[in-house]
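Written below as structure tokens is the structure these notes are about.
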2 protein chains.
Amino acid sequence: MVTQLPEEYRQAPFDETCAPRRLLRLFSGKWTTMILHTLHLMGGGSRPGQLLRNIPGLSKKMMTQTLRELEQLELVEREVRQVMPPKVEYRLTKLGEVFIEPIEMLYTWGTLHEAELSQVAAASKALSRSALS
Amino acid sequence: MVTQLPEEYRQAPFDETCAPRRLLRLFSGKWTTMILHTLHLMGGGSRPGQLLRNIPGLSKKMMTQTLRELEQLELVEREVRQVMPPKVEYRLTKLGEVFIEPIEMLYTWGTLHEAELSQVAAASKALSRSALS
DNA sequence: CTGCATCCTGGGCGATACTG
DNA sequence: CAGTATCGCCCAGGATGCAG
């Protein structure tokens, strides 16, 4: 029974530019996945105010900032309607929709495993409590 | 064709403590998932030096720091063997193994979608290039 | 309503050097 | 080899205020 492969046979290490790492970096922003997820969830175009209301804790600044980044990466499109008051809609691009898949995977996994997540939370709580003594 | 539900009928927003967000926070550390993944990949116990060598860019400090956090969350166990030179092994706990699943999902998804990840990279590159002008 | 500019703070993360 | 301590940077990200 091989519990551990010898050094020489172990698979090559991740390099910085490997796919998993690039994905991680893409999702590293605090609000990135939540914004993509919400855009997807609401279907069609979403207005900034709606996004803001649907993502508690998100500030206007971080929203627009994140949306700009996603625009530049061509994961999100912005549609402006020049009227008063201004009407703006954001929607996922075709490329953007691709990345919905891993996000939904993560989110639903989380939802299905609340129990384990609570165990982790409990552990961290126990820790901070003992730290107070 | 309903492209967008009226405000009142839209599903309640994520609150801060919902499962998806907790999962995101758990994985928010730059090295967290990579360390868990590598521990899993190597099977059985892993020695710090091995981890370090298998995760390019990881510094000794960030490794131990992340491992300590994971220990506190009870996702990782540390086994010390008091000899010279010191022998230490880290291994996933039962709870830790649970979280391997979403990590592997993410990583393999990334691997299967290198093409799209490259498109994103291309978009960001095009951006920084035009910014130079 | 939407969006930008500004200012500021915390802490994540890295580099380095030192112990056993 | 494994781990710690220190220093300091940088920037993500929050608060506020102004403009169209």
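These numbers come from a predicted model, not from an experiment. As a basis for the values below, the full set of heavy atoms in this structure was taken, side chains included, without hydrogen atoms, waters or symmetry mates. Here is how names work: the chains are called A, B, and so on, in the same order as the sequence lines, proteins then strands, and each is numbered from 1.
- If you check every strand for non-hydrogen atoms under 4.0 Å, B/Thr64 touches a base.
- The closest donor-acceptor contact from the side chain of A/Thr33 to the backbone of A/Ile103 lies at 3.5 Å or more, if one exists at all.
- Residue B/Arg81 is out of contact with every strand shown, counting any heavy-atom pair closer than 4.0 Å.
- Between the C1' atom of C/dC13 and the CE atom of B/Met34 lies a distance of 13 Å, rounded to the nearest Å.
- One atom, CE of A/Met62, and another, C1' of C/dG3, lie 15 Å apart when rounded to the nearest Å.
- Side-chain atoms of B/Arg78 lie closest to D/dG3 of the nucleotides C/dT2, C/dG14, D/dG3.
- With respect to the salt-bridge test (charged N to carboxylate O, under 4.0 angstrom), the residues B/Arg81 and B/Glu79 qualify.
- The nearest whole Å value for the distance from the CD atom in B/Gln65 to the P atom in D/dA2 is 18 Å.
- Summarising the geometry, the separation between CZ on B/Arg25 and C1' on D/dA12 is reported as 17 Å, rounded to the nearest angstrom.
- With distances taken from any side-chain atom of B/Tyr90 to the nucleotides D/dG3, C/dG14, D/dG14, the minimum falls on D/dG3.
- For C/dA15, the OP1/OP2 oxygens have no side-chain nitrogen or oxygen of B/Lys60 closer than 4.0 Å.
- A/Arg68 has a side-chain polar atom (N or O) that falls below the 4.0 Å cut-off from OP1 or OP2 of C/dC4.
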Go through it in stages, so that I can follow the logic: the residues are B/Leu36 and B/Val76, the test is side-chain contact (heavy atoms from CB on, under 4.5 Å), and I'd like the CA-CA distance, side-chain angles, deciding distance and then a yes or no.
CA-CA 8 Å; B/Leu36 290 175; B/Val76 163; 4.0 Å; yes
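- Of the charged side-chain nitrogens involved, none lies within less than 4.0 Å of a carboxylate oxygen, so that B/Lys94 and B/Glu97 do not count as a salt-bridged pair.
- Looking at heavy-atom distances under 4.0 Å, A/Lys61 makes contact with a base.
- Rounded to whole angstrom, the span from the CG atom of A/Leu51 across to the P atom of C/dT2 amounts to 10 Å.
- Taking the side chain of A/Lys30 as heavy atoms from C-beta on, and the options D/dG14, D/dG20, C/dG14, the nearest nucleotide is D/dG14.
- Rounded to an integer number of Å, the gap from CG of A/Leu58 to C1' of D/dA15 is 14 Å.
- Contacts of A/Pro86 with the nucleic acid, taken as non-hydrogen atoms under 4.0 Å apart, include base atoms.
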Dump the intermediate steps for side-chain contact (heavy atoms from CB on, under 4.5 Å) on A/Tyr107 and B/Leu23, then the final yes or no.
CA-CA 8 Å; A/Tyr107 281 25; B/Leu23 186 60; over 6 Å; no
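- Regarding B/Met63, its CE atom lies at a distance of 12 Å from the C1' atom of D/dT4, rounded to whole Å.
- Atom P of nucleotide C/dC1 and atom CD of A/Glu79 are separated by 19 Å, given to the nearest angstrom.
- Between A/Arg47 and C/dT2, a side-chain N or O to OP1/OP2 separation shorter than 4.0 Å is present.
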